[in-house]
Amino acid sequence: MTVLESIRQVRDRLATEAKSYEAPMVGFLRDLIAIPAESRAEGPVIQRIRQEMKEVGFDEIRIDPMGNLLGRIGQGKRIIMMDSHTDTVGIGDASEWQWDPYRGKTENGYVYGRGACDQRAGMACMVYAAKLIKNLALLGDYTLWMVGSVQEEDCDGLSWIYILRQDGIAPDLVLITEPSGLRICRGHRGRIEIEVCLHGRSCHASAPERGDNPIYRITALVREIEELNTRLHHDPFLGKGTIAITAIRSCSPSLCAVPSSCSIHLDRRLTAGETKECVLAEIRALPGAKHAEIAVLQYEQPSYTGLVYPMEKYYPTWVLEESHPGVQAAIETCQHLYGTVPIVDKWTFSTNGVGSMGICGVPTIGFGPGDEVDAHSVNERVAIDHLVRAAQFYALFPLVYAHHLEQEEAKGAGPG
Ligand SMILES: [Zn+2]
């Protein structure tokens with residue numbers, strides 16, 4: 001029997017078995033929602049996931065020095081890694097919530113709570129997919145690592161730069177389980193955080209002519225940046241690059257003194273083809289930035305284990321071509337499972353893909369339960385039907401992908 005025949009045979013059993021895990025999956029998801037874990041405080045939630053991985057019977061479970069959790073299934077040739085970050089954003093103003101965000105609720109086919117879709121659901125589905133792989137013997141010539149990563153909400157991509165450079169695993173593909181509404185995502189815009197500072201000369205505000213007020217000079221730059229935003233590059237797939245001033249700060253010994261410096265904080269979203277170098281050159285070319293100090297900000301907060309792994313706040317754009325075997329295998333997997341052609345799209349928000357593919361160059365795709373619009377909202381939720389479908393997808397995808405690569409290799413080898 002060929003791999004494809006066995007996939008067809010297993011499809012119905014996979015659907016039935018995944019459906020039978022609905023209640024335990026919802027239970028596990030709600031356990032995860034009940035453990036608050038903002039960035040740099042993921043320890044307890046990592047331990048809860050580790051316990052579930054143990055019960056499912058992962059072949060190896062480890063926690064790296066940064067605190068990322070890595071669970072392995074199988075030991076075949078192709079190496080596939082799936083990611084779910086384990087931190088969530090905070091709850092903001094508690095009075096905006098109509099129920100306890102960490103207790104959540106199950107209602108009308110949805111699970112609600114902080115982290116329900118971003119990203120507790122992805123983790124619950126991955127762990128139960130491993131159970132499906134074990135129970136239905138869906139192992140193939142692949143090694144599958146399921147990762148619970150840290151600090152994504154604080155610094156997207158950081159954990160994956162660490163995993164790929166320090167943990168000694170070289171995957172063929174990374175699959176991100178951020179909410180995608182069960183669409184296949186193959187990229188998103190990047191971003192960069194920049195501080196532009198103009199220096200002046202401080203003096204007593206009662207005689208401003210003795211000094212040089214940088215606030216007056218920075219207003220020209222502010223207008224130039226507003227205008228720059230209107231002429232940034234537009235990419236047909238990813239959309240337009242943008243620039244926004246999100247803060248303005250001056251430094252002065254007192255409110256009765258002309259400040260010595262004034263700086264603006266820039267949030268620059270990068271579309272296809274826009275890099276750190278071109279963005280910095282573009283700002284430097286503005287007349288108002290002539291004597292400015294321009295710096296990309298640094299992230300250097302310790303993880304919950306105390307590890308500091310500094311990174312520039314440059315999160316490069318990434319796009320994987322639609323013809324890539326990873327995207328094609330994801331399309332095939334959806335066709336096998338749901339009998340429909342899936343939508344291939346992009347994310348509006350940023351993910352750990354900026355680290356895995358944007359910086360480290362490992363082909364990356366995305367597929368996740370929950371809808372992007374519900375992430376970070378006070379109505380955060382995920383459809384229970386998505387949990388069941390995504391678990392099936394994660395269980396079958398590695399086999400289809402490994403098979404796809406083998407076919408490509410056979411084609412490449414040619415006759416004789
Ligand atoms: Zn997320």
Side-chain angles (χ1 to χ4, degrees), residues 29 32-33 35-42 45-46 49 66-69 81-92 101-102 104 110-127 146-163 174-191 193 267 269 299 301 303-304 311 313 315-318 345-359 364-383 386-387 390 393-394:
L29 171 58
L32 297 182
I33 289 170
I35 307 170
E38 292 184 39
S39 296
R40 308 172 52 225
E42 301 92 338
V45 80
I46 291 266
I49 300 161
M66 181 181 259
N68 301 297
L69 174 69
M81 299 184 87
M82 292 184 185
D83 176 50
S84 173
H85 64 80
T86 56
D87 54 332
T88 71
V89 291
I91 57 165
Y102 292 119
Y110 286 88
V111 176
Y112 291 79
R114 171 52 83 226
C117 82
D118 185 14
Q119 251 254 250
R120 303 283 187 244
M123 176 54 78
C125 296
M126 283 191 335
V127 173
M146 290 176 165
V147 177
S149 54
V150 299
Q151 282 171 291
E152 192 273 345
E153 297 292 359
D154 247 16
C155 189
D156 24 327
L158 176 70
S159 60
W160 274 85
I161 299 169
Y162 184 87
I163 290 165
V174 172
L175 190 156
I176 288 173
T177 64
E178 291 264 19
S180 75
L182 303 183
R183 294 166 305 153
I184 295 161
C185 289
R186 60 179 185 92
H188 57 68
R189 294 189 304 168
R191 67 190 177 93
E193 287 183 45
D267 174 303
R269 302 286 155 154
Y299 180 84
Q301 294 294 320
S303 72
Y304 76 89
M311 165 178 167
K313 291 186 170 182
Y315 310 89
T317 307
W318 64 279
D345 209 347
K346 60 180 185 292
W347 273 300
T348 301
F349 57 35
S350 184
T351 73
N352 273 334
V354 297
S356 61
M357 184 154 174
I359 290 180
T364 299
I365 60 167
F367 182 91
D371 291 318
E372 198 173 344
V373 291
D374 290 324
H376 298 196
S377 80
V378 292
N379 195 41
E380 188 168 351
R381 63 178 190 169
V382 63
H386 277 206
L387 301 181
F393 181 95
Y394 302 145

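Atoms within a ligand are numbered from 1 in the order they appear, just like the ligands themselves.
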Salt-bridged, R40 to E38, with N to O below 4.0 Å?
no

Answer yes when R183 and E372 have at least one side-chain N-carboxylate O distance shorter than 4.0 Å, and no when they do not.
yes

The single option from D87, T88, D83 that satisfies side-chain hydrogen bond (donor to acceptor under 3.5 Å, both in side chains) with H85 is D87

Classify the ring geometry of F367 against F393: parallel below 30°, tilted from 30° to 60°, perpendicular beyond 60°.
parallel

Give the atom name of whichever N/O/S atom in H85 sits closest to the Zn ion (ligand 1).
NE2

Specify which N/O/S atom of E178 comes nearest to the Zn ion (ligand 1), by atom name.
OE1

Between the Zn ion (ligand 1) and E153, is there an N, O or S atom separated by less than 2.8 Å?
no

Looking only at N, O or S atoms, which one in D118 sits nearest to the Zn ion (ligand 1)?
OD1

